[in-house]
Every structure is written in structure tokens, then in C-alpha cells.
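Right, one structure below, let's go through it.
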Amino acid sequence: MDGEITASALADLLDADASVEIVDIRRPPAFERGHIPGSRNLPLGRLVDRIDELDSDADRIVTVCPHGESSVQAARLIDSYEGIEETPVVSLADGLEGWDGPVENGE
């Protein structure tokens, strides 16, 4: 894992159209209530089974949870996966609680 990223730094990357894979690890109902636009929902409990769905060609993978705690665990798990080792994996510091950018609803 390559540490954490602040909400403002993530917003800057998204504004610059950087290749960022955002992985929201919450359960589907929470994800559908609101998530960062472009996020992929891979619940933490199923992450191991679905990790191969991630874009290993992305410039960065950012994991997201409600408060920025579980996403650290998810980032470490993703970072340890063979095939992802070249892609920086970071956790969103303060999670969605610290995100003041746009949020979309639904899948």
C-alpha cells in the first residue's frame, strides 16, 4: 500500500481526468445511497473474489469506505495481489465522511 490520499488530491486527479480506479468497499445498499462518481462497488467481504476486476492499467487505485479505516485494509489487500504491484494503491483519508466533491446515487 502506498499510503493515503486526501479528498482534495483525489478531486484534483479526477478533474485532470487521470486514470483512477476508485473502489468503494461498502455494501451495495450504502453504495447506491451515494458514492463518488465513477466508483466501482467491490464490498470488502467479496473483494478477494473480485479483485481481478480491477483495472491494473490505472495510474492509481483508491479504496473508499465511510471513515477511511476499512479502506486501509482493502488497499493493503489489493496491493498484495499479483498483477497489481505496479499500480499505486492508496486509501481515501477520512473516507466518504471527508469527501466534499460530487456524489451520485444508484449503481
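All residue numbers refer to positions in the sequence shown, counting from 1. The analysis underlying the following values was restricted to heavy atoms, covering all of them including side chains, and did not include hydrogens, waters or symmetry mates.
- A salt bridge is defined here as a Lys NZ or Arg NE, NH1 or NH2 lying under 4.0 Å from an Asp or Glu carboxylate O, and E21 with R60 fails to meet this definition.
- Between L10 and V62, some side-chain heavy-atom pair lies under the 4.5 Å cut-off.
- In this structure, the separation between OG on S8 and CG on D100 is 8.0 Å, given to the nearest 0.5 Å.
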Practice item. Just do the side-chain contact (heavy atoms from CB on, under 4.5 Å) check on I78 and I51 with the steps written out, would you? Key: CA-CA 7 Å; I78 292 167; I51 205 163; 3.8 Å; yes
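- When every heavy atom of C65 is checked against every heavy atom of G68, the shortest pair comes out as SG-N, 3.1 Å.
- Inter-residue side-chain proximity for I22 and L14 is flagged as met; some heavy-atom pair is nearer than 4.5 Å.
- The distance from the CD atom of E53 to the CZ atom of R46 is 8.0 Å, given to the nearest 0.5 Å.
- Minimum heavy-atom separation, S91 to S71: OG-OG, 2.5 Å.
- Side-chain contact between D79 and L77: absent, with no pair of heavy atoms (C-beta onward) separated by less than 4.5 Å.
- For the side-chain contact (heavy atoms from CB on, under 4.5 Å) criterion with L92, the lone passing option out of T63, T6, I5 is I5.
- Inter-residue side-chain proximity for P88 and I61 is flagged as unmet; no heavy-atom pair is nearer than 4.5 Å.
- Residues L96 and P66 fail the side-chain proximity criterion, which asks for heavy atoms closer than 4.5 Å.
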Practice item. Could you walk me through whether I36 and V103 pass side-chain contact (heavy atoms from CB on, under 4.5 Å), step by step? Key: CA-CA 5 Å; I36 297 170; V103 174; 5.8 Å; no
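- The only member of L47, V48, D24 that meets side-chain contact (heavy atoms from CB on, under 4.5 Å) when paired with L42 is L47.
- In this structure, CD on E104 lies 7.0 Å from CZ on F31, to the nearest 0.5 angstrom.
- At a threshold of 4.5 Å between side-chain heavy atoms, the hydrophobic network of Ile, Leu, Val, Met, Phe, Trp and Tyr places Y81 and V89 in one connected group.
- Nearest heavy atoms, D52 versus D49: OD1-O, 3.9 Å.
- Side-chain contact check for R50 versus P43: some heavy-atom pair is nearer than 4.5 Å.
- With a 4.5 Å cut-off on side-chain heavy atoms, N105 and R33 do not count as touching.
- There is a path of hydrophobic side-chain contacts, each under 4.5 Å, that joins I84 to V23.
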Exercise for review: Give the C-alpha distance, both sets of side-chain angles, the deciding distance and a yes or no for side-chain contact (heavy atoms from CB on, under 4.5 Å) between D94 and W99.
Suggested key: CA-CA 8 Å; D94 299 323; W99 177 253; over 6 Å; no
Review point. Stepwise, does the side-chain contact (heavy atoms from CB on, under 4.5 Å) test hold for V72 with E4?
Key: CA-CA 8 Å; V72 171; E4 293 183 311; 3.9 Å; yes
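- Remark: side-chain polar atoms of N41 are paired, donor with acceptor, to backbone N or O of R26 under 3.5 angstrom.
- Closest of all the heavy-atom pairs between G98 and A7 is O-CB, 3.4 Å.
- In this structure the side chain of V64 never reaches within 4.5 angstrom of the side chain of I25, judged on heavy atoms.
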